[in-house]
Structure formats: C-alpha cells, structure tokens
Amino acid sequence: MDEKKLAEEVAKNLLKIKAVFLKPNDPFTWASGIKSPIYCDNRLSLSYPEVRRVVENGLAEVIQHYYPDVEVIEGTSTAGIAHAAIVSEILGLPMGYVRGGAKDHGRGNQIEGIVPAGKKVVVVEDLISTAGSSLEVVEVLKEAGANVLGIVSIFTYGLQKGIDRLNAANCENHSLSNFETLVEVAAKENYISEADIKKVLKFQKNPSDASWMEE
C-alpha cells in the first residue's frame, strides 16, 4: 500500500468537491471559537460516487493492511455511520455504530447493532481533530467488552492535542490523508498560494494562537 499516494489522491478529491475549504485570509470560526484557515466536511464525499469510491476503498485497504484480524466495523455517530456501513460491505464484516449517548427509550442502547463483546473491532471515523469524541466511542466499546484495535479515519488535522490524547489512551489512528498533505496538494493545485503555506502550518502547530493570521 502506497500511503503517500493514497493521501495525495484523497486530498485532491476532497478539495475538488469542496469537502475541504482553505481560506487563510478569511478564516472560519469553529464551534470552540478558534479561528481556522480550514474547514472540513467529509460527508460531502458520499454525494460524489467517484470520490466516495476512492474514500471507501481507501478505508477498506487501510483496515486490511493494519488490522487483518478485524471482526467488526463500528462507526462513530453520526458522521462515521455511512462510511462504516460501506466499508463493512466491502470487507464482508458485521457493522454497528455508537451513539453519542444511550437512548432514553426502548432498550436504552448506546451501541446499535450487535454488541461486539470479545470481538476485534475497528472504529471508522470521518475526521480527527482533538480526538475527544472518537476516544469516547472507543471507551464505550471497551466497556462493552470489545477489543478495539484502532481507529481509521478519512482525514486528520494532526493537532498535537489529538496526538497526545490518542497516545495517552494507547489508541492508534490511521488516516487516509492529513493536514500537511492537503496543504501541499492545495498549493500545487492553486487552491492557495505558496505564501499561505507558512500561515496555515503555523495554525496547525498552535490553533489557539491567533497570531498565525498575522503572517
């Protein structure tokens, strides 16, 4: 598996369909209040069959490469559900997903589908930023008795906070593409100027420091 080639192909496709926007001179405001030169909505890939094929086959390839013994695919709610369903179909594996919280009616499920107690599980996520919500899913699955092998995601911002959280939880994440590759491809494809690269990479190193906008 050529991971660099895959990362570049995924980045190129996400930029093409505007699933990723880069606006270093007119930043987005995240829910946390952070000013960001990038906004990512990987759910758009579901609406474009050619891009969807690249993403889902890529996720399946990564899972087969790193976790050949996987027995169950679990999606994160809600963005990871569709990707988990398609990937599980490609791999011929059972699939479920983890709610953000237990239902307040019926059986009160938080894990939908079979409860994978004793099973080797891979979590499918669309995006890794600070990794908090992804690790909550991992914890729910572990508490249910699953052996969580790792997380596979479409894209990661590569933020230090997310890296530290994953390391502290002893949980792997393998993303199809990443912030650095996206910036390189965006510059080559003329989505941003070469001069903007330093600015957006400074944001990645310390998102809470708004001085990157002054570069």
Side-chain angles (χ1 to χ4, degrees), residues 1 3 6-7 9-11 13-14 16-20 40-129 131-157 166 171-178:
M1 182 176 65
E3 293 186 72
L6 178 59
E9 184 180 13
V10 169
N13 276 282
L14 294 179
K16 180 175 67 175
I17 65 172
K18 298 182 179 180
V20 175
C40 189
D41 182 8
N42 291 322
R43 282 168 286 202
L44 273 174
S45 66
L46 296 167
S47 299
Y48 296 84
E50 291 184 4
V51 177
R52 186 176 66 220
R53 201 170 296 117
V54 170
V55 169
E56 310 306 344
N57 286 334
L59 289 169
E61 184 179 8
V62 169
I63 291 170
Q64 287 176 315
H65 179 77
Y66 286 103
Y67 309 113
D69 297 331
V70 61
E71 297 173 289
V72 180
I73 302 296
E74 291 284 341
T76 58
S77 178
T78 59
I81 296 174
H83 300 294
I86 298 170
V87 169
S88 65
E89 179 64 20
I90 293 171
L91 298 176
L93 292 172
M95 172 264 175
Y97 68 91
V98 179
R99 290 174 169 271
K103 289 194 294 188
D104 59 3
H105 59 281
R107 296 169 61 191
N109 295 343
Q110 186 165 5
I111 299 174
E112 297 290 5
I114 62 170
V115 176
K119 299 291 186 180
K120 296 175 182 176
V121 173
V122 169
V123 173
V124 172
E125 176 67 282
D126 76 323
L127 174 69
I128 298 288
S129 53
S133 59
S134 303
L135 288 172
E136 286 176 8
V137 168
V138 170
E139 188 58 32
V140 168
L141 290 166
K142 286 183 175 180
E143 288 178 359
N147 176 11
V148 180
L149 303 179
I151 302 168
V152 172
S153 54
I154 298 171
F155 184 79
T156 178
Y157 287 115
L166 287 163
C171 183
E172 293 182 349
N173 169 61
H174 296 282
S175 288
L176 299 187
S177 196
N178 54 75

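Every heavy atom of this structure was used, including side-chain atoms; hydrogens, water molecules and symmetry mates were not. Count residues from 1 along the sequence.
Smallest separation of non-hydrogen atoms from L149 and Y67: O-CE2, 3.4 Å. When all heavy atoms of A144 and A117 are compared, the closest pair comes out as O-CB, 3.4 Å. Contact detail for P94 and E71: the closest heavy-atom pair is CD-O, 3.2 Å.
Taking 4.5 Å as the limit, every side-chain heavy atom of V152 sits out of range of all side-chain heavy atoms of Y66. Between S177 and F155 there is a side-chain heavy-atom pair separated by less than 4.5 Å. The side-chain heavy atoms of Y157 and L127, taken from C-beta on, include a pair separated by under 4.5 Å. Taking the side chain as every heavy atom from C-beta outward, E74 and V148 never approach each other to under 4.5 Å. When side chains are defined from C-beta on, K16 does not count as touching Y48, because their heavy atoms never get closer than 4.5 Å. The shortest side-chain heavy-atom distance between L141 and P116 falls under the 4.5 Å cut-off.
We find the CG-CZ distance between L46 and R43 to be 9.5 Å, quoted to the nearest 0.5 Å. With values rounded to the nearest 0.5 angstrom, E112 atom CD is found 10.0 Å from M95 atom CE. With values rounded to the nearest 0.5 angstrom, L59 atom CG is found 9.5 Å from I86 atom CD1. To the nearest 0.5 Å, the span separating CG on N147 from NZ on K142 amounts to 8.5 Å. Annotation: the span from I151 atom CD1 to T76 atom OG1 amounts to 9.0 Å, rounded to 0.5 Å. Note: S153 OG to N178 CG = 10.0 Å, rounded to the nearest 0.5 Å.
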If you apply the rule side chain to side chain contact (heavy atoms under 4.5 Å, CB included), what do you find for I63 with V124, and how did you get there? CA-CA 9 Å; I63 291 170; V124 172; 4.3 Å; yes

Could you walk me through whether E50 and N13 satisfy the side chain to side chain contact (heavy atoms under 4.5 Å, CB included) test, starting with their C-alpha distance in whole Å, then the side-chain angles of each, then the deciding distance to 0.1 Å, before giving a yes or no? CA-CA 9 Å; E50 291 184 4; N13 276 282; 5.8 Å; no

Residue pair V98, Q110: steps toward the side chain to side chain contact (heavy atoms under 4.5 Å, CB included) verdict: CA-CA 6 Å; V98 179; Q110 186 165 5; 4.1 Å; yes

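Listed by chain and residue number, I17, V51, V55, H83 satisfy the side-chain contact (heavy atoms from CB on, under 4.5 Å) test with S45 (two or more places apart in sequence, or in another chain).
Counting only distance, with no hydrogens or angles, the side chain of D126 and the backbone of A79 share no donor-acceptor pair below 3.5 Å.
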